[in-house]
Amino acid sequence: MSYLAIVDLGSNSARMVVEELHDDGTYTEIVREKQDTRIAQNMGPELTLKEEPIARTIETLKYFKTKYVKFNPELRAITTAAVRMATNQKAFLARVELETGIVFQVLSGKEEAYYDYLGVVSTLAITDAVILDTGGASVELIAMRSGKNIDDVSLPFGAVSLSERFKLANNVNPLDIENACKNIFKQYQTLSWLPEQRGLPVVLLGGANRSLARMGRTALGKVTVNNFHGFNMTIEKVSAIFEKISHMTREQRENIAGLESARADIIISGLLPLLTLMRIIDAPKVIFSESGVREGLIAETIKNNG
């Protein structure tokens, strides 16, 4: 028996899990932690990580370490879009290592998309779909046919960056939503392979999409709103939820059932990559996955240790 700890520093939140790895290739999750560190906050066009989010993130990492160190695990620490794009990336990573002892691997967009795919294909019985991971500062799109990753991309926008750029945090102007959608559509148009996925369902990963799953399950009166792996919704239901929340004030969104109040300022921006994608490929439904990059890393680690 051995242990694997994964620290996943995303653009909006930091997550940590400890997995007990069994000799038969299975694993059991024994610790799970999440904090909204929002390292991408106020990066601006200069793409610089700012002091307040950095300090907040380092405190979270110190806390995570107190939780996993007792297991003496193999540690895999990965970080994604915000740190990947940051002009002060090297200084930030050096400071993190100095203050916490954690050495991060900065995933490329391709690597992030690969681990997303691996996490989905190893836990969901689906062979043909478009996978969409909406993060705080990037989105990953993967075209999956017959269970194979045939095309993938990471695009440099996400829930936090769209919210800040198009003023979608508070009381939202429909024109700002329209401008954000036009920007997303323009970037999707550069993907020659995307229209070829017409009619496929969309498998959803990422914080905003998890919030959508919880809101959808709450609306259906489900008792276990957090148990949504494999749960699906039609495009009509997705559109109805978005239409409802887009007319709410930020305060109203903070109190909507199924939505974490800390995500009230980025839920509208966070759903726009999905809505734009669904219209382009005429997707009939979405399927939610609780497995993504972290589960992809676990699958890879188990394979390498086998």
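Keep in mind that the numbers below use all heavy atoms, side chains included, and drop hydrogens, waters and symmetry copies. All values derive from a computational prediction rather than experimental measurement.
Of the inter-residue distances, the one linking Asp23 atom CG with Asn305 atom CG reads 11.0 Å to the nearest 0.5 angstrom. Atoms CD and CD1, from Gln41 and Ile39 in turn, are 9.5 Å apart once rounded to the nearest 0.5 Å. Note: Tyr117 OH to Ser122 OG = 9.5 Å, rounded to the nearest 0.5 Å. Between atom CZ of residue Arg253 and atom CZ of residue Arg263 there is a gap of 13.5 Å, rounded to the nearest 0.5 Å. Here the CD1-OG1 distance, from Ile298 to Thr26, works out to 11.5 Å after rounding to the nearest 0.5 Å. The distance from atom CG of Leu47 to atom CD of Gln89, rounded to the nearest 0.5 Å, is 11.5 Å.
By the 6.0 Å contact criterion, NZ on Lys62 is enclosed, its count of non-hydrogen atoms from other residues, nucleotides or ligands being greater than 12. The environment of Glu99 atom CD is dense: over 12 non-hydrogen atoms of other residues, nucleotides or ligands sit within 6.0 angstrom. The environment of CD in Glu52 is sparse: at most 12 heavy-atom neighbours from other residues, nucleotides or ligands sit within 6.0 Å.
Counting only heavy atoms from C-beta outward, the side chains of Lys67 and Val18 never approach each other to under 4.5 Å. Contact annotation: the side chain of Val139 approaches that of Phe157 to within less than 4.5 Å [non-hydrogen atoms, C-beta and beyond]. Using a 4.5 Å heavy-atom threshold, the side chains of Ile302 and Tyr27 count as touching. Between Leu272 and Ile177 there is a side-chain heavy-atom pair separated by less than 4.5 Å. The side-chain heavy atoms of Ile287 and Val202, taken from C-beta on, include no pair separated by under 4.5 Å. Val238 has its side chain within reach of Val286: a pair of non-hydrogen atoms, C-beta onward, lies under 4.5 Å apart. Contact annotation: the side chain of Leu200 never approaches that of Met144 to less than 4.5 Å [non-hydrogen atoms, C-beta and beyond].
Applying the side chain to side chain contact (heavy atoms under 4.5 Å, CB included) criterion to Asn183, with sequence neighbours excluded, gives Arg165, Phe166, Gln187. With sequence neighbours left out, Gln105 forms a side chain to side chain contact (heavy atoms under 4.5 Å, CB included) with Arg76, Ile78, Leu107, Glu111. In this structure Asn42 satisfies the side chain to side chain contact (heavy atoms under 4.5 Å, CB included) test together with Lys50, Glu164, sequence neighbours excluded.
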query: For Arg198 and Asp282, what are the C-alpha separation, side-chain angles and deciding distance, and is it a salt bridge (Lys or Arg N to Asp or Glu O under 4.0 Å)?
result: CA-CA 6 Å; Arg198 188 174 181 84; Asp282 194 24; 3.8 Å; yes
message: Checking Asn226 against Arg214 for the side-chain hydrogen bond (donor to acceptor under 3.5 Å, both in side chains) test, could you report, in this order, the C-alpha distance in whole Å, the side-chain angles of both residues, the deciding distance, and whether it holds?
response: CA-CA 6 Å; Asn226 286 316; Arg214 293 186 189 102; 2.6 Å; yes
task: Mind running side chain to side chain contact (heavy atoms under 4.5 Å, CB included) on Asn209 and Leu271 for me, showing each step along the way?
output: CA-CA 7 Å; Asn209 296 325; Leu271 293 182; 4.1 Å; yes
task: Determine, stepwise, if the pair Arg95 / Glu51 fulfils salt bridge (Lys or Arg N to Asp or Glu O under 4.0 Å).
output: CA-CA 12 Å; Arg95 180 174 166 185; Glu51 176 57 31; 2.9 Å; yes
message: Asp265 vs Arg38, test: salt bridge (Lys or Arg N to Asp or Glu O under 4.0 Å). Steps then yes/no.
response: CA-CA 12 Å; Asp265 62 330; Arg38 206 165 286 195; 2.6 Å; yes
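Side-chain contacts under 4.5 Å among hydrophobic residues (ILVMFWY), followed directly or transitively, place Val160 together with Ile266.
Ion pairing between Arg15 and Asp8 fails under the 4.0 Å rule for side-chain N and carboxylate O. At a threshold of 4.0 Å, the pair Glu140-Arg84 counts as salt-bridged, since one of the basic side-chain nitrogens sits closer than that to a carboxylate oxygen. Of the charged side-chain nitrogens involved, at least one lies within less than 4.0 Å of a carboxylate oxygen, so that Glu260 and Lys34 count as a salt-bridged pair.
Shortest non-hydrogen contact noted between Gly119 and Ser291 is O-CB, 3.3 Å. The two residues Ser11 and Thr80 make their nearest non-hydrogen contact at N-OG1, 4.2 Å.
For the residue pair Arg56/Gln35, the side-chain donor-acceptor check at 3.5 Å is not satisfied. Thr87 and Thr48 share a donor-acceptor pair across their side chains, judged by distance under 3.5 Å alone.
Proximity of a side-chain donor or acceptor of Asp176 to a complementary backbone N or O of Val172 within less than 3.5 Å is not detected. Remark: the backbone N or O of Gly206 is not paired with any side-chain donor or acceptor of Thr134 at under 3.5 angstrom.
Applying the ring-ring contact (aromatic ring centres under 6.0 Å, His included) test to pairs two or more places apart or on separate chains, those with a residue in residues 205-261 are Phe231-Phe288. Applying the ring-ring contact (aromatic ring centres under 6.0 Å, His included) test to pairs two or more places apart or on separate chains, those with a residue in residues 51-96 are Tyr3-Phe71.
Tyr188 and Ile131 fall into different hydrophobic clusters, defined by Ile, Leu, Val, Met, Phe, Trp and Tyr side-chain heavy atoms under 4.5 Å apart, directly or through other members.
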